[in-house]
Amino acid sequence: MRGKAGLVVGLAVGYVLGTRAGRERYEQIKTQWLKVWNLDPVQEQVGKVKEFAKTSAMALPSTLWDSAVKVTKAASGKDTVGQKLDAALKVSKDQADDVGRAAKTTAKAAKDAVEDLVEEATDDAPAPGRGGA
């Protein structure tokens, strides 16, 4: 289903960009696109994507901040300079792993959400030639 939706979108964009029908046809296509864009189901999906982006975007920075705090604490102890450096390096390595995991988790969640939205949108779309726009 994902490939079909991508093909349809690609063909539509290619047609709009490469049309030789002139400005009038372009304006017709643009008007139809805006009608579709402003439909409640489409805007509902846009809202879901925005909400997901807000929540997912906050996960990685908080992990980065926590990591920076831990490294700073490790480097500011009462030990010798060498011991502080060793502690900071050890904590940095551990925190780098945490940041990497958080980044992978966020990327996977984003990918899954987009796939779900595309699948949901293609499942709800009318079949070609069956009363669609």
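From a predicted model like this one, the values you see are computed outputs, not experimental measurements.
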CD of E24 to CD of E27, rounded to nearest 0.5 Å, is 9.5 Å
CG (L39) and CG (L34) are apart, to the nearest 0.5 Å, by 11.0 Å
Heavy-atom check, side chain of D97 versus side chain of R101, under 4.5 Å: yes
**OP:** Count the heavy atoms belonging to other residues, nucleotides or ligands that lie under 6.0 Å from CG of N38, then report whether that count exceeds 12.
**Re:** yes
dist K50:NZ -> K48:NZ (nearest 0.5 Å) comes out at 15.0 Å
Nearest heavy-atom approach of V42 to V36 is CG2-O, 3.3 Å
